[in-house]
Amino acid sequence: MEKIDELDRKILRIITQNARIPFKDVAEKCGVSRAAVHQRVQRMYDMGVITGSGYVVNPKSLGYHLCAYIGITLEKGTMYKSVVTALEKIPEVVESHYTLGSYSILIKMYARDDMHLMELLSQLQEIQGLAQTETFTALDQRIKRSLPIQ
């Protein structure tokens with residue numbers, strides 16, 4: 001991966017604070033042309049420095065009032081790919097991480113309420129290769145941010 005320089009970092013600091021800021025405003029703050037900002041941002045996409053863009057929708061506004069983290073133990077580690085393929089078919093699963101420690105996989109999912117969570121957990125238990133789950137419900141989220149760009 002190519003290195004990013006101080007101008008790239010300055011651009012990243014600005015756009016991670018406000019993804020909707022126009023490139024002309026970023027250019028003004030950085031003392032460069034709008035074309036330079038556009039080229040830098042595109043290059044950072046191409047390099048994999050920036051991995052996405054879009055809007056974050058509050059799950060509660062869609063009726064999903066319960067957030068759960070679920071630790072999954074696999075019957076065998078070799079079943080990881082097939083289990084993840086099955087997890088991808090459940091729309092309420094929004095994150096999946098292959099982990100070291102007590103669980104093979106840690107997922108984040110949303111449910112409308114307790115009954116919906118119970119249905120989703122039943123659906124999980126039907127996945128071939130899944131040996132055991134442990135569920136943690138999130139009561140509040142106070143910190144959600146990107147890493148600081150130094």
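A quick note: this is a predicted structure, and the numbers were derived from the prediction, not measured. Residue numbers start at 1 and run along the sequence shown.
Side-chain contact between Ile50 and Ile15: present, with at least one pair of heavy atoms (C-beta onward) separated by less than 4.5 Å. Counting heavy atoms from C-beta outward, Tyr55 and Arg20 have side chains that approach closer than 4.5 Å. Side-chain contact between Pro59 and Leu62: absent, with no pair of heavy atoms (C-beta onward) separated by less than 4.5 Å. At a threshold of 4.5 Å between non-hydrogen side-chain atoms, the residues Ile70 and Leu120 do not count as touching. Side-chain contact between Met79 and Leu130: absent, with no pair of heavy atoms (C-beta onward) separated by less than 4.5 Å. At a threshold of 4.5 Å between non-hydrogen side-chain atoms, the residues Leu12 and Ile4 count as touching.
The distance from atom CZ of Arg13 to atom CD of Gln150, rounded to the nearest 0.5 Å, is 8.0 Å. Residue Glu88 holds its CD atom at 10.5 Å from CD1 of Ile90, rounded to the nearest 0.5 Å. To the nearest 0.5 Å, the span separating SG on Cys30 from CZ on Phe23 amounts to 11.0 Å. To the nearest 0.5 Å, atoms OG1 (Thr133) and CD1 (Ile105) are separated by 11.5 Å. In this structure, Lys60 NZ and Cys67 SG are separated by 9.0 Å, a value rounded to the nearest 0.5 Å. Leu117 CG to Asp113 CG: the interatomic distance, rounded to the nearest 0.5 Å, is 9.0 Å.
In summary, Glu92 and Lys108 do not engage in a salt bridge, as defined by a charged side-chain N under 4.0 Å from a carboxylate O. Ion pairing between a basic and an acidic side chain is recognised when a charged N comes within 4.0 Å of a carboxylate O; Asp5 and Lys3 show no such pairing.
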message = Evaluate Leu124 against Leu121 for side-chain contact (heavy atoms from CB on, under 4.5 Å), listing each step before the verdict.
response = CA-CA 5 Å; Leu124 286 177; Leu121 292 173; 4.0 Å; yes

message = If you apply the rule side-chain contact (heavy atoms from CB on, under 4.5 Å), what do you find for Lys29 with Ile11, and how did you get there?
response = CA-CA 9 Å; Lys29 290 179 181 218; Ile11 292 168; over 6 Å; no

message = Set out, in order, the CA-CA distance, both residues' side-chain angles and the distance that settles salt bridge (charged side-chain N to carboxylate O under 4.0 Å, His left out) for Asp8 and Lys10, then state yes or no.
response = CA-CA 5 Å; Asp8 293 330; Lys10 189 171 185 179; over 6 Å; no

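A continuous path of Ile, Leu, Val, Met, Phe, Trp and Tyr side chains, each step under 4.5 Å between heavy atoms, connects Ile127 with Val84, placing both in one hydrophobic cluster. With hydrophobic clusters built from ILVMFWY side chains whose heavy atoms lie under 4.5 angstrom apart, Tyr98 does not share a cluster with Tyr69. Under the 4.5 Å side-chain heavy-atom criterion for grouping Ile, Leu, Val, Met, Phe, Trp and Tyr, Val83 is not connected to Leu106 through any hydrophobic cluster. Hydrophobic clustering keeps Val94 apart from Ile72 (ILVMFWY residues linked when any side-chain heavy atoms are closer than 4.5 Å, directly or through intermediates). Hydrophobic clustering (ILVMFWY, side-chain heavy atoms < 4.5 Å, transitive): Phe136 and Leu66 are in distinct clusters.
No more than 12 heavy atoms of other residues, nucleotides or ligands lie within 6.0 Å of CG in Asp114, so this atom counts as exposed by the packing criterion. The environment of CZ in Arg43 is crowded: more than 12 heavy-atom neighbours from other residues, nucleotides or ligands sit within 6.0 Å. Within 6.0 Å of CD on Glu28 lie no more than 12 heavy atoms contributed by other residues, nucleotides or ligands.
The two atoms that bring Glu95 and His97 nearest to each other are OE1-NE2, 3.0 Å, heavy atoms only. Residues Leu87 and Ser96 share a closest heavy-atom pair of CD1-OG, 4.5 Å. Nearest heavy atom pair, residue Val32 against residue Val37, reads CG2-CG2, 3.7 Å. Nearest heavy atoms, Lys24 versus Arg34: N-CD, 3.8 Å.
The closest side-chain donor-acceptor pair between Ser82 and Gln128, if any, does not fall under 3.5 angstrom.
Between Tyr64 and His116, the ring planes are tilted. Angles from 30° to 60° get that label.
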